[in-house]
Amino acid sequence: MPLPFERPIEDLEAKIRDMRSYAAEQRIDLDEEIRLLETRLERLKVQTFADLSRWERVQVARAPGRPTGLDYVHSLFGGFQELHGDRTLGDDPAVVTGLARFDGRTVVVVAQQKGRDTKENIHRNFGMSHPSGYRKAMRMFDLADRFGHPVVTLIDTPGAYPGIAAEEQGQAWVIAESIRRMSRLRVPAVSVVIGEGGSGGALAIGVANRVLILENATYSVISPESCAAILWRDAAEAPKAAEALKLTARDLAELDVVDRVIEEPIGGAHKDPAAAMRSVGAALREELAALASEDPEALRRARHDRFRRLGRYVELDAVA
Amino acid sequence: MALERWFRRSRPTRSDDDPSPAGLWLKCEACSAQIYKKDLVAAAYLCPECGHHYRMPVEARIASLADEGSFERWSGRLGPADPLAFHDTEAYPDRMKRVQEKQGRPDAILTGAATLHDEPVALVVMDFFFAGGSMGSVVGEEIARAAERAADEDRSLVAITASGGARMQEGALSLMQLAKTTVALEGLAERRLPYVSVLTDPTTGGVTASFATLGDLIFAEPRALICFAGPRVIQQTIKQDLPEGFQRAEFLLKKGMLDDVVPRPRLKATLARSLRLLRGRAPVAADLAEEEVESTHAASV
């Protein structure tokens, strides 16, 4: 099902398809007309996606068919060995972790996983981790440190799961601890926000040396719906909240929250998953190569300093 | 969610939150007794009848912990910027200005140096009455600076938390304060200096999911709401009633998430004793006193 703003594009695509089949049936030459329409289609796509509102980008970030963590893992990494379980409570399917090969080196992968259909979404809890998922991630951080392998995390979650068991098992405690453990890594760490970066549940695996984000992905302190429910007392005001929260890739680059924006194919990653995955692969390759020669303590220090600096405030003495 | 309640109110009805101003009497929210407000304030914001712990203004908190005359303020030179040009029903700078005037400080935190029974500490106290104690760039930066200065000055760090979570009006920058406050604690760990957090009502969201739960020791006040997701959010998600006492300090103690639940009259002695023990020193007589704050019924708390 197309997103609302995709409808004119889909209509035009349908028109071109019809014209093609009509030309074939009637054995007439409509090549010129078709070429004109195709040019118009390209222009429409470029225009539409250049002008997307922040709320529309939220919808692209959540679009069905958008490549998920496992899609990236399988297309970009070789020899993936999934590793399960937190050694305490169980195995959280909302986070997939393991070892893999990438660009001639072993990497430790931590990927938040949404479902690709309803059944998988239920299994994956819509990408919302319990404490067990963060414990599993921390186990991976330890493993990476012990063997000196870089960490790659793929962020895609509406947030950490707000449930009874999650709270009883210390959701806040594990997020805090995961932030700390990741910040202490003495190996390169690169995070890519591939879809939704939902608050603390995303940051828990986002304390990387380099934080990358796909062009139409979002990263926010709160979902637009929840923000709207609090500030406008109406979740239906989510589009306003999305505007106010400045949660798009470009916004976040301006705020220094992310280091690099990865372009998506025209029409969004869900329209051409293979192209999106190639772009992410190319960016990851560059980032990991650049970090490979850094010494362990410098990597930890640089990550510490990167996050220590974040924030905007006013020195009151200077103003007075 | 506490922060939600704060924002819902167009004009905060103070009697709900800060029990000190407005009116001479109040009805205890726990035991319904009529309390003379002066008695409440004199008793460190404990109900003189039932010992119920009211939320405490920052200055009163510091007075209840720091040795007399020992507190030296560090914070106050940083004010909030408006990095998102955030506007909901009101522009963020206007909202801040109003709250700054009400609370008499630039943001939701007060930090400084003090001694607790002569034990040198850095104190970080969050102000829940300032925008729900929400953590934006200033709160994060003040905590980070206090933690770093404590490490430089060979002080333990004590954080008294009270917060609705990360401040929405500074967007992802508020979220990043979770990581900032976390990394700023490293200097204390490297120098083997203790960091103790005291979670008070309410401590929620991004504050709980960062420095608040990273204490070497974590204490909480009786009945304090401590959570990642607020009860209302959970109820809306799972559409079930929540268990009795869910997300309260005593519940979390049972679940193994806290080192202890400490009634306010014992907090200072508990902190001083624990800090000294962690630093390999013998507690002094004052640390062993169970009663710190004069309160008629404090012993029964």
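In what follows, chains are A, B, ... by sequence order, proteins preceding strands, each numbered from 1. These numbers were taken from a predicted model, which means no experiment stands behind them.
Counting non-hydrogen atoms of neighbouring residues, nucleotides and ligands closer than 6.0 angstrom, the CG atom of Asp241(B) reaches no more than 12 such neighbours. Crowding of Glu190(B) atom CD: a count of heavy atoms from other residues, nucleotides or ligands under 6.0 Å exceeding 12. Counting non-hydrogen atoms of neighbouring residues, nucleotides and ligands closer than 6.0 angstrom, the CZ atom of Arg62(A) exceeds 12 such neighbours.
The main-chain N or O of Arg312(A) is found under 3.5 Å from a side-chain atom of Ser137(B) such that the two form a donor-acceptor pair.
Expressed to the nearest 0.5 Å, how far CG of Leu255(A) lies from CD of Glu170(B) amounts to 10.0 Å. Between the CD1 atom of Ile175(A) and the CG atom of Leu178(B) there is a distance of 8.5 Å, given to the nearest 0.5 Å. Note that the CZ atom of Arg181(A) and the OG1 atom of Thr182(B) stand 13.0 Å from one another [nearest 0.5 Å].
Side-chain contact between Arg306(A) and Val183(B) is absent, with no heavy atoms from C-beta onward closer than 4.5 Å. Between Leu231(A) and Thr89(B), every side-chain heavy-atom pair lies at or beyond the 4.5 Å cut-off. In this structure the side chain of Tyr219(A) reaches within 4.5 angstrom of the side chain of Leu175(B), judged on heavy atoms.
Both the backbone and the side chain of Leu84(B) come within contact range of chain A, judged by heavy atoms closer than 4.5 Å. With a 4.5 Å cut-off on non-hydrogen atoms, Glu90(B) does not touch chain A at all. In this structure, chain B has no heavy atom under 4.5 Å from any part of Leu247(A). Heavy-atom distances place the side chain of Phe251(B), and not its backbone, under 4.5 Å from chain A. Heavy atoms of Pro83(B) lying under 4.5 Å from chain A belong to its backbone as well as its side chain.
Taking Ala176(A), Ala228(A), Ala160(A) one by one and counting their heavy-atom pairs under 4.5 Å with chain B, the maximum is reached by Ala176(A). Between chain A and the options Ala209(B), Ala81(B), Gly76(B), Ala184(B), heavy-atom pairs under 4.5 Å are most frequent for Ala209(B). Of the listed residues (Ala144(B), Ala85(B), Gly256(B), Ser174(B)), the greatest number of heavy-atom pairs within a distance under 4.5 Å of chain A belongs to Ala144(B). In terms of non-hydrogen atom pairs under 4.5 Å with chain A, the most contact-rich of Glu186(B), Gln240(B), Gln235(B) is Glu186(B). Considering only heavy-atom pairs separated by less than 4.5 Å from chain B, the leading option among Ser226(A), Ser220(A), Ala166(A), Gly163(A) is Gly163(A).
When the side-chain contact (heavy atoms from CB on, under 4.5 Å) test is applied to Ala189(A), the partners found at least two apart in sequence or on another chain are Val151(A), Met182(A), Leu185(A), Ala208(A), Asn209(A), Arg303(A). Residues passing the side-chain contact (heavy atoms from CB on, under 4.5 Å) test with Pro93(B) are Asp82(B), Ala91(B), sequence neighbours excluded.
Shown here for Ile179(A) and Ala179(B), the closest heavy-atom pair between the two residues is CG2-CA, 3.8 Å. Between Pro162(A) and Val233(B) the shortest heavy-atom distance is CB-CG1, 4.0 Å. Nearest approach of Val221(A) to Gly171(B), heavy atoms of both residues: CB-O, 3.3 Å. Closest of all the heavy-atom pairs between Thr208(B) and Ala172(A) is CG2-CB, 3.4 Å. When all heavy atoms of Ala172(B) and Val257(A) are compared, the pair lying nearest together is CB-CG2, 4.1 Å. Taking every heavy atom of both residues into account, Cys227(A) and Phe86(B) meet most closely at SG-CZ, 4.5 Å.
Among the residues in residues 190-204 of chain A, those with a non-hydrogen atom closer than 4.5 angstrom to a non-hydrogen atom of chain B are Ser199(A), Gly200(A), Leu203(A).
Sorted by first then second residue, the side-chain hydrogen bond (donor to acceptor under 3.5 Å, both in side chains) pairs that include residues 159-174 of chain A, not counting sequence neighbours, are Glu167(A)-Gln247(B).
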Worked verdict on Glu141(B) versus Arg308(A) for side-chain contact (heavy atoms from CB on, under 4.5 Å): CA-CA 8 Å; Glu141(B) 183 67 22; Arg308(A) 176 64 186 82; 3.0 Å; yes
